[in-house]
Amino acid sequence: QFISTGRAYQKALHNVAQAGKSYIDCIFHLSQSAQVCKGATSEIGAALVQISEVLKEINMQIVDNIKAFHAEVLIPLESKQDTELKQLQVLHKKYQSGHKYHASALDKSASALKKHKKKTKNKYGFDQKEIQYNRQVKECQSQLEEYQLTCLKTVLIEERKRYCKV
């Protein structure tokens with residue numbers, strides 16, 4: 001949002017500079033017309049020429065400031081935003097691949113437990129293999145939760161680095 005408002009500000013300043021240039025050109029043409037006349041009007045024309053020259057210098061300074069604002073403020077902010085976006089995309093992709101790995105391991109162990117329960121449907125009690133499958137499901141689930149917790153901590157640390165600068 002800061003960058004977009006900065007661009008809007010730059011555009012508004014550019015429009016002001018263009019309007020100022022048009023105004024200065026009108027004053028200059030008026031001064032040329034006044035200088036052709038005789039008497040006090042020619043003196044007023046000379047004064048208007050000086051005024052238009054000063055206004056041209058001011059307008060040139062405004063244009064230079066607009067260019068400096070673009071080069072020193074907007075471009076660095078845009079490049080920083082682009083690099084941060086790329087870093088966040090890399091982190092997100094890394095998280096997705098790790099989550100997919102842990103979730104697939106959990107799904108495999110859960111499906112193995114389900115198959116085993118289907119096979120031993122009529123038997124009462126727990127056999128050693130079912131206990132092992134239950135333990136494996138719980139282990140995979142805890143690994144997935146631990147991975148999610150670790151990634152959440154990493155994200156919070158990254159956010160603190162980016163936005164909590166003193």
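All residue numbers refer to positions in the sequence shown, counting from 1. Quantities reported herein were computed from a predicted structural model and do not represent experimental measurements.
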Shortest non-hydrogen separation from [X] to [Y] and the atoms involved:
| X | Y | result |
| --- | --- | --- |
| Gly45 | Ala34 | CA-CB, 3.6 Å |
| Leu144 | Ala103 | CD1-N, 4.1 Å |
| Phe28 | Ser52 | CD1-OG, 3.6 Å |
| Ser31 | Leu48 | CB-CB, 3.3 Å |
| Leu106 | Ser109 | O-OG, 3.0 Å |
| Cys140 | Ala105 | SG-O, 3.9 Å |

**OP:** List the steps and the verdict of side-chain contact (heavy atoms from CB on, under 4.5 Å) for Thr154 and Tyr95.
**Re:** CA-CA 10 Å; Thr154 305; Tyr95 169 76; over 6 Å; no
Once rounded to the nearest 0.5 Å, what's the spacing between atom [atom1] of [X] and atom [atom2] of [Y]?
| X | Y | atom1 | atom2 | answer |
| --- | --- | --- | --- | --- |
| His116 | Asn134 | NE2 | CG | 9.0 Å |
| His29 | Gln32 | NE2 | CD | 6.5 Å |
| His92 | His99 | NE2 | NE2 | 11.0 Å |
| Glu43 | Gln35 | CD | CD | 11.0 Å |
| Asp64 | Asn59 | CG | CG | 10.0 Å |
| Lys117 | Lys129 | NZ | NZ | 15.5 Å |

Does one hydrophobic cluster hold both [X] and [Y], with members joined at side-chain heavy-atom distances below 4.5 Å?
| X | Y | result |
| --- | --- | --- |
| Tyr9 | Leu74 | yes |
| Ile44 | Ile27 | yes |
| Ile3 | Val73 | yes |
| Ile66 | Phe2 | yes |
| Val16 | Phe69 | no |

Subject >> Working for side-chain contact (heavy atoms from CB on, under 4.5 Å), residues Glu84 and Lys80 >> reply: CA-CA 6 Å; Glu84 285 183 359; Lys80 183 175 180 176; 3.2 Å; yes
**OP:** Tell me, with the steps shown, if Lys108 and Gln136 meet side-chain contact (heavy atoms from CB on, under 4.5 Å).
**Re:** CA-CA 10 Å; Lys108 284 180 185 178; Gln136 188 177 8; over 6 Å; no
**OP:** Please tell me if the side chains of Lys119 and Lys115 come closer than 4.5 Å, counting only heavy atoms from C-beta onward.
**Re:** no
Original post:
So, do Asp127 and Glu130 sit near enough that their side-chain heavy atoms are less than 4.5 Å apart?
Top reply: yes
**OP:** Tell me, with the steps shown, if Gln81 and Leu77 meet side-chain contact (heavy atoms from CB on, under 4.5 Å).
**Re:** CA-CA 6 Å; Gln81 183 184 27; Leu77 284 174; over 6 Å; no
Subject >> Identified side chain to side chain contact (heavy atoms under 4.5 Å, CB included) partner of Glu53 from the options Val49, Ile51, Leu55 >> reply: Val49
**OP:** Decide, yes or no, whether a salt bridge links Glu158 with Lys161 under the criterion of side-chain N to carboxylate O below 4.0 Å.
**Re:** yes
Subject >> Salt bridge present between Lys86 and Asp82 (N-O < 4.0 angstrom) >> reply: no
Original post:
Is the ring centre of Tyr101 less than 6.0 Å from the ring centre of Tyr147?
Top reply: no
Original post:
Does CD in Glu146 sit with more than 12 non-hydrogen atoms of other residues, nucleotides or ligands closer than 6.0 Å?
Top reply: no
**OP:** Compute whether any side-chain donor of one residue and acceptor of the other, for Gln10 and His14, lie under 3.5 angstrom apart.
**Re:** no
